Asks: 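Take this structure first; my questions come after.
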There are 2 protein chains.
Amino acid sequence: MKTCICAGTSLDRMLRPAVLTLLRDCPKGLHGYGIEQRLEEFQFCRRSLPDFTGLYRLLKKMEAEGLLRSAKSPSDNGPAKRVYALTVRGKQCLSRWRMSLLNYRDMLDDLLGHMRTTLSEKS
Amino acid sequence: MKTCICAGTSLDRMLRPAVLTLLRDCPKGLHGYGIEQRLEEFQFCRRSLPDFTGLYRLLKKMEAEGLLRSAKSPSDNGPAKRVYALTVRGKQCLSRWRMSLLNYRDMLDDLLGHMRTTLSEKS
DNA sequence: CTTCTCTATTAGACATACTCTAATAGTAAC
DNA sequence: GTTACTATTAGAGTATGTCTAATAGAGAAG
């Protein structure tokens, strides 16, 4: 039997702002593999790090959207990396994300309030 | 130009727990159209109510998953309705959702903390 | 009777943001 | 040469939506 979504394996839409935050904190840029590893710092990645494939595709998409720029960079201990860094638009995007996530938190609190409300009314 | 996701139009995964909550509070059951209207009470639906098609499909899926049961019911002022009500598994699912959403809120707070942290370090 | 509005559901096509499986390839240690 | 770590990509599938559009009952307005 499949596990129900209510088990809460992951919450979407947190990866983009997390990537933007990591890159803001690392002006020299980061490559996909390095980003993946640093995502451990975020609580929403504790259960399991996001899928590599998905992350790499997201980075390409964000570059196409003008939020990131990238350059190939040779590596000492492996194949060449593609290093991503924030653009000006990426920085603007990050600050808008902060407003949106605050709003999301309010929505979550509201929903949790609805869920609790009638539970206590029933008791 | 398309608007960026950072604008925060909506947050996924809130519809299922909201539907379960509405049905918990209405033991006689509700039909799709009625659920749609009551969703206005939830803050995450303020901007725009979810699409009818999506809601009806969700209800069918949740019934197939054993979370809801349904029955046809004639209507005074329109075509017959399909009235949905919670099953025991649906109630269990709802209480697990509460735990998951509390966890989501912690993850969101953590992410917001990361976003703020280095902003203040920079100033 | 026709048209409009409100009620009520369904179908098809698309978008987004993931996941899982798998392949490819460089470097270094053993 | 096999294993381990680094690094990226491709293909298929899933979950959760959106938009457009069709169908259909019932009551009111003209």
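Order of the sequence lines fixes the chain letters, A, B, ..., with proteins taken first and strands second; residue numbering starts at 1 for each chain. Computed from a prediction, not measured in an experiment: that's the story for all the values here.
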Asks: Rounded to the nearest angstrom, tell me the gap between atom OH in B/Y84 and atom P in C/dA8.
Replies: 14 Å

Asks: Write down the distance between CZ (B/R82) and P (C/dT10), rounded to a whole number of angstrom.
Replies: 7 Å

Asks: Among residues two or more places apart or on two chains, list those pairs meeting side-chain hydrogen bond (donor to acceptor under 3.5 Å, both in side chains) that have a residue in residues 65-82 of chain B.
Replies: B/R16-B/E65, B/E63-B/S70, B/S70-B/R82, B/S75-B/N77

Asks: Check whether any side-chain nitrogen or oxygen of A/S75 sits under 4.0 Å from OP1 or OP2 of D/dT6, and answer yes or no.
Replies: no

Asks: What nucleic acid atoms does B/K72 come within less than 4.0 Å of, heavy atoms only: base, sugar-phosphate, or nothing?
Replies: nothing

Asks: Per the side-chain hydrogen bond (donor to acceptor under 3.5 Å, both in side chains) rule, what does the pair list look like for residues 40-55 of chain B, sequence neighbours excluded?
Replies: B/D51-B/T53

Asks: Sequence neighbours left out, what passes salt bridge (Lys or Arg N to Asp or Glu O under 4.0 Å) with A/D106? Give chain and number order.
Replies: none

Asks: Does C/dT9 have OP1 or OP2 under 4.0 Å away from a side-chain N or O of B/K60?
Replies: no

Asks: If I take atom OH in residue B/Y56 and atom P in nucleotide D/dC19, what distance separates them, rounded to the nearest angstrom?
Replies: 17 Å

Asks: Is the centre of the A/F42 ring less than 6.0 Å from the centre of the B/H114 ring?
Replies: yes

Asks: Suppose we screen for side chain to side chain donor-acceptor pair (under 3.5 Å). Which residues come up paired with B/N103, at least two apart in sequence or across chains?
Replies: none

Asks: What is the distance, rounded to the nearest whole Å, between atom CD of A/E36 and atom P of D/dT9?
Replies: 14 Å

Asks: Using side chain to side chain contact (heavy atoms under 4.5 Å, CB included) as the criterion, list what pairs up with B/C6, not counting sequence neighbours.
Replies: A/C93, A/R96, A/W97, B/C4

Asks: Report the distance from atom NZ of A/K81 to atom P of D/dT6, rounded to the nearest whole Å.
Replies: 11 Å

Asks: Which nucleotides of nucleotides 17-26 of chain C have their base under 4.0 Å from a protein heavy atom (B), which only their sugar-phosphate (S), and which neither (-), written as one string 5' to 3'?
Replies: SSBBB---BB

